[in-house]
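Okay, so here's the structure we're looking at.
None of the values given here were measured: they were computed from a predicted structure. Note that these values count all heavy atoms, side chains included, but never hydrogens, waters or copies made by symmetry. Start at 1 and go down the list; that is how both ligands and their atoms are numbered.
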Amino acid sequence: GAAKVVVVGGGFGGATCARFLKGLAPDMAVTLVEANKTYTACPFSNEVIAGLRGIGQQQFGYDGIARAGVTVASVAATAVDPGARTVTLADGGKLSYDRLVVAPGIDFDWAALPGYDEAAAQRMPHAWKAGEQTVLLRRQLEAMADGGLVVISAPATPYRCPPAPYERASLIAHSLKASKPRSKVLVLDAKDSFSQQPLFQKAWSELYPGLIEWVSLSQGGNVISVEPATLTVNTDFDKHKADVANIIPPQKAGGLARLAGVADRTGWCPVEPVAFASTLQPDIHVLGDAALMGAMPKAAFSASAQGQVCAAAIVASLAGQPAPDSRLISTCYNLVAPDYGFSLVGVYRPEKGQLLEVPGAGGASPIDGDAALRAQEARYADDWFRATTAQIFG
Ligand code: FAD
């Protein structure tokens, strides 16, 4: 009969893969297993935090994917048996598969930061999975008095969306500048440098002088513990008493990856670079943030590109053909104000068992770009989000 492919996780990686599988092979039985009925996208959620858009604009249902012929199971997957090739569902159901794709996104490493657990996240939101946490951080910023201190703690790599803590600092500064100009944003970092740093820092000095302070690892930015009752954030050298504390904790692959046996001791999932088959369980493909994708950043753009390449590779493999030779593109857009954006483009190819960047193929926005260019890139960011979510969920 028709080949059966199960995809677990209906985010940018898994939902793209399911939809492309069905598009490329209409006879294939494709099932998308997703715990939530509504997907809340992280890209542009920093704009929600800054009061620039509503959370509803981040939310997408699965009706379009179902209309495209994918069977959507709105239930969590609770176990995978790679030997029997079955996925167990929280409602007691069981799905068998010829090929399995898992794209469960991230989990937080709650043990990594003393004082920070799921209860603490209600006081000191991470807002690193979009939804209630995004809205909670927005409400806290709205309730904060002028002159307040907003602390953002940024983790060491690897983590979901490398530039997003700095985009967040920028957009929060944008909202404070208008209504609470005596306030301050303090970014405490577990790193000594960050993605697109020169462009961010130039924008901060132009748009938000004195509003954002960035403390690097070697300047004592590493957060070693938090005290949620008093909103205190402790580094090696200092105690910072925040009015709003946004703690972005260390991360690892989503729990299903461990249940399926595809995560290694790093907490992430090693894969080969052509079809993203797990190096631990070769019949299971892993996509998106959960996987170790070489030079490719953990981003929605990346996850969606991987979903397309994986779909093509699975269709080829089931037809007994080699995977197509692929190049993957990822563009990270950053907004520092609604009309001020810049980007970093990377092009990647499988080489030496890894996804490596194609030298000279990508690039960053110019550091000396003018206002018209920044405004144009802000529009491109918006266009990308609308086009990609329409392609996946529309
Ligand atoms: P996810 O999108 O997290 O999807 C995983 C899905 O799997 C979820 O829907 C989850 O419910 C489901 N799931 C997990 N476990 C199970 C289970 N056991 N059973 C059933 N379902 C399960 N990227 C960009 O490219 N551009 C941006 O501008 C951008 N901005 C960002 C801003 C912020 C503040 C943040 C936090 C991230 C941003 N990102 C951006 C990164 C982007 O959100 C992630 O890289 C992307 O969501 C990864 O896709 P994914 O499919 O791997 O995981």
Can you find an N/O atom of Tyr62 closer than 3.5 Å to an N/O atom of ligand 1?
no
Can you check whether Tyr333 and Phe301 have ring centres sitting under 6.0 Å from each other?
no
Close N or O approach (Trp384, ligand 1; < 3.5 Å):
no
Using distance alone, determine whether Gly13 and ligand 1 share an N or O pair under 3.5 Å.
yes
Does ligand 1 have a heavy atom under 4.0 Å from the side chain of Asn334, from its backbone, from both, or from neither?
neither
Taking both backbone and side-chain atoms of Ala35, is any N or O found less than 3.5 Å from an N or O belonging to ligand 1?
yes
Relative to each other, are the rings of Phe12 and Tyr39 parallel, tilted or perpendicular (30° and 60° limits)?
perpendicular
Nearest to atom 17 (C) of ligand 1 by heavy atom, Ala77, Cys161, Ala381: which?
Ala77
Heteroatom distance test (Arg168, ligand 1): nitrogen or oxygen, under 3.5 angstrom
no
Compute both the distance and the angle, then confirm whether Lys252 meets the cation-pi test with Trp110: under 6.0 Å from the six-membered ring centre, within 45 degrees of the axis.
no
May I ask you to list the atoms of ligand 1 that are less than 4.0 angstrom from any heavy atom of Asn46?
34 (C)
Pair Phe342 and Phe200, ring centroids less than 6.0 Å apart
yes
Do the rings of Tyr62 and Phe393 sit parallel, tilted or perpendicular, given the 30° and 60° boundaries?
perpendicular
Taking atom 27 (C) of ligand 1 as the reference point, the nearest protein heavy atom with its distance:
Pro43 CB, 3.5 Å
Decide whether an N or O pair under 3.5 Å exists between Phe301 and ligand 1.
yes
Could you tell me whether Phe385 approaches ligand 1 through its side chain, its backbone, both or neither, with non-hydrogen atoms closer than 4.0 Å?
neither
Sidechain-backbone polar pair: Asp146 side chain, Arg182 backbone, donor-acceptor under 3.5 Å
yes
Sub-3.5 Å N/O-N/O distance, Glu34 and ligand 1
yes
Passes side chain to side chain contact (heavy atoms under 4.5 Å, CB included), His126 versus Ile247? Steps please.
CA-CA 5 Å; His126 52 76; Ile247 305 299; 5.7 Å; no
Counting only heavy atoms, tell me which of Gly255, Pro104, Ala300 gets closest to atom 24 (C) of ligand 1.
Ala300
If you take all heavy atoms of Val274 and Ala323, which pair is closest and at what distance?
CG1-CB, 3.5 Å
